[in-house]
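What follows is a short report on a single structure.
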Amino acid sequence: MFHVGGARSALFNWVMAKQSGGTLVLRIEDTDASRNSPEWTEGIIRALAWLGMDGGEYEGPYFQSANADRHAEAARTLREQGRAYYCDCTRERVIERTGDSNKGYDGFCRDRGLEAGPGRALRFRTPDEGETVVVDLLRGKPTFENAVLEDFVIARADGSVTFLLANAVDDMSQGITHVVRGEEHLSNAPKQQLLWEALGGTPPVWAHVPVIVNEQRKKLSKRRDKVALEDYRAEGYLAEAMRNYLMLLGWAPSGDREIVPWEVIVEEFRIEDVNSSPAFFDVKKLKAINGDYIRMLPVEKFVAECLPFLEDAPFEVDMEVFNQLAPLAQTRVALLSEIVPMVDFAFLDEPVSDEQSWTKAMKEPAAEILAAVEESYRDARWTAEELKNRLEQVGTAHGLKLGKTQAPVRVATTGRTVGLPLFESLEILGRDRTLARIAAARARLTA
């Protein structure tokens with residue numbers, strides 16, 4: 001699963017790399033084996049490729065675990081320099097000493113001179129005085145008092161290093177100059193910056209982008225919200241629309257607009273202009289933007305984008321017929337997954353049975369209207385224009401406007417109260433099938 005928040009951060013990084021002539025680096029943080037698998041990595045790579053970041057757009061993927069020796073060497077160096085020490089304290093023992101379950105590590109093992117051994121982790125010795133200033137392109141200069149930074153673990157008892165040290169070492173070895181990530185990592189920045197400085201490096205430029213929240217203004221959670229990029233793709237969102245929308249989460253282009261060509265985004269985007277306030281993930285707005293992008297597609301491209309959904313349809317699709325329906329459907333779908341129920345009437349032997357639609361449309365004088373339409377359509381010139389004219393004449397005879405007159409005809413022929421333009425649909429459906437469906441609906445009403 002590739003979180004939409006991670007996708008947004010990747011896009012921000014990608015645009016910045018393009019603007020500066022730099023290189024986007026894809027690194028898989030896999031120091032915690034329990035939270036990683038080859039399938040997840042492949043999912044990330046596929047998701048990035050869908051957004052436009054294929055293998056030619058970034059360097060990597062690199063795997064953090066491949067640098068285990070370099071990480072271990074950095075841990076040894078820090079220990080030898082007196083910047084790290086071994087500790088055998090458990091969380092329970094720390095709470096016993098401090099009497100506060102919310103308080104961090106109390107530095108108990110700082111001067112005990114412990115050597116490596118079972119149950120002993122390596123902690124970084126944070127400075128007792130002064131402050132660490134994190135220069136952040138969005139947030140100015142957040143300042144952290146060193147005295148309140150606990151001595152944090154940089155290597156576990158089994159010798160494996162933690163994310164903080166591995167990340168700093170890899171950033172230094174790969175020449176990382178800018179780090180754009182979610183604001184939940186801001187608290188890690190002073191620790192990583194201290195590690196950079198202790199290892200003789202110059203910290204990168206930081207940019208901690210705002211958290212993404214749902215309608216209740218709660219941080220997006222995979223347990224509660226739809227957050228996987230893959231789920232949106234499966235639902236029928238276009239990559240171009242998703243990419244456009246994600247860039248708007250915290251940033252606004254010029255001209256008070258939402259539909260922005262990618263080339264313009266790359267030209268105008270500035271990380272410094274990203275708002276530090278939480279960004280609302282508005283699914284309704286995303287869907288509307290997706291609909292706009294669908295309508296902008298050439299018809300041939302729209303047909304191609306629909307194919308995966310048509311292949312999973314519970315009926316066989318005649319592509320010659322679908323090609324006729326496609327221009328009608330393109331103006332009405334906001335998600336590609338909506339295409340199947342939009343066109344199923346043309347490929348099923350009988351229209352779907354939707355009781356709610358039937359009840360709504362088949363009110364008096366529906367039977368009389370269907371009988372009159374069936375009779376009128378028998379010798380009609382089979383074009384959308386003529387079919388509309390004939391239906392209007394039936395409506396006039398019954399004192400009804402077109403909308404009321406066509407409702408029972410639409411449900412009789414398509415099964416639903418909403419759908420594609422009716423008369424164009426009937427033209428494609430054909431005379432025989434249209435008349436047969438109208439007759440069947442009339443028979444059901446008069447039974």
Side-chain angles (χ1 to χ4, degrees), residues 9-10 12-14 16-17 19-32 58-86 110 121-156 159-209 271-272:
S9 294
F12 283 5
N13 278 280
W14 186 30
M16 290 178 66
Q19 291 174 339
S20 64
T23 301
L24 176 67
V25 176
L26 174 60
R27 190 171 69 222
I28 307 299
E29 313 282 10
D30 61 344
T31 54
D32 186 349
Y58 57 79
E59 189 177 294
Y62 297 111
F63 293 88
Q64 201 163 61
S65 57
N67 292 329
D69 291 344
R70 184 178 288 140
H71 302 155
E73 178 61 30
R76 285 192 295 270
T77 297
L78 293 172
R79 169 85 195 294
E80 292 168 358
Q81 293 175 347
R83 300 300 303 271
Y85 59 90
Y86 283 103
R110 267 191 163 199
L122 188 65
R123 289 184 179 273
F124 181 78
R125 186 189 297 267
T126 58
D128 296 321
E129 301 177 346
E131 58 188 25
T132 298
V133 179
V134 174
V135 179
D136 190 293
L137 294 177
L138 275 68
R139 303 167 189 279
K141 297 181 178 180
T143 300
F144 300 83
E145 296 294 329
N146 292 331
V148 301
L149 294 176
E150 68 173 351
D151 292 351
F152 53 92
V153 174
I154 58 174
R156 306 176 185 89
S160 62
V161 303
T162 62
F163 162 80
L164 291 173
L165 180 59
N167 196 266
V169 171
D170 289 348
D171 281 354
M172 292 176 65
S173 65
Q174 293 177 341
I176 301 300
T177 60
H178 292 71
V179 175
V180 181
R181 59 186 183 179
E183 70 172 291
E184 62 269 23
H185 293 289
L186 180 59
S187 60
N188 289 331
K191 300 175 183 179
Q192 290 174 284
Q193 195 157 298
L194 287 171
L195 287 171
W196 272 71
E197 293 167 351
L199 293 169
T202 300
V205 176
W206 306 98
H208 291 89
V209 297
I271 191 67
E272 294 86 350

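Please read these numbers as outputs of a predicted model, since none were measured by experiment.
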- Note: K141 and V133 closest approach over all heavy atoms is CB-CG1, 3.7 Å

- Message: Using side-chain heavy atoms (C-beta onward) and a distance below 4.5 Å, is F144 in contact with Q193?
- Response: no

- Note on the structure: All heavy atoms of V153 vs all of A121, minimum pair found to be CG1-CB, 4.0 Å

- Those residues at least two apart in sequence (or on a different chain) that pass side chain to side chain donor-acceptor pair (under 3.5 Å) with D151 are Y85, R110, T126

- Task: Only counting residues at least two apart or in another chain, list the ones meeting side chain to side chain donor-acceptor pair (under 3.5 Å) with W196.
- Result: none

- Query: So which pairs with a foot in residues 178-192 pass salt bridge (Lys or Arg N to Asp or Glu O under 4.0 Å), sequence neighbours left out?
  - Reply: R139-E183

- Under 3.5 Å, is there a donor-acceptor pair between the side chain of D136 and the main chain of P142? no

- Query: Who pairs with R123 by salt bridge (Lys or Arg N to Asp or Glu O under 4.0 Å), at least two apart in sequence or on another chain?
  - Reply: none

- Task: List the steps, then state whether side-chain contact (heavy atoms from CB on, under 4.5 Å) holds for R83 with L199.
- Result: CA-CA 10 Å; R83 300 300 303 271; L199 293 169; over 6 Å; no

- Message: Just by distance, no angles: are the side chains of N13 and H178 close enough, under 3.5 Å, to form a donor-acceptor pair?
- Response: no

- Only counting residues at least two apart or in another chain, list the ones meeting side-chain contact (heavy atoms from CB on, under 4.5 Å) with T77. E73, Q81

- Query: Under 4.5 Å between any side-chain heavy atoms of L195 and L78, yes or no?
  - Reply: yes

- Query: Under the side chain to side chain donor-acceptor pair (under 3.5 Å) test, which residues partner S65, sequence neighbours left out?
  - Reply: D30

- Message: Between N146 (side chain only) and E129 (backbone N and O only), is there a donor and an acceptor less than 3.5 Å apart?
- Response: yes

- Side-chain contact, heavy-atom cut-off 4.5 Å: L164 with I154? no

- Would you check if the side chain of R156 reaches a backbone N or O of V161 as a donor-acceptor pair within less than 3.5 Å? yes

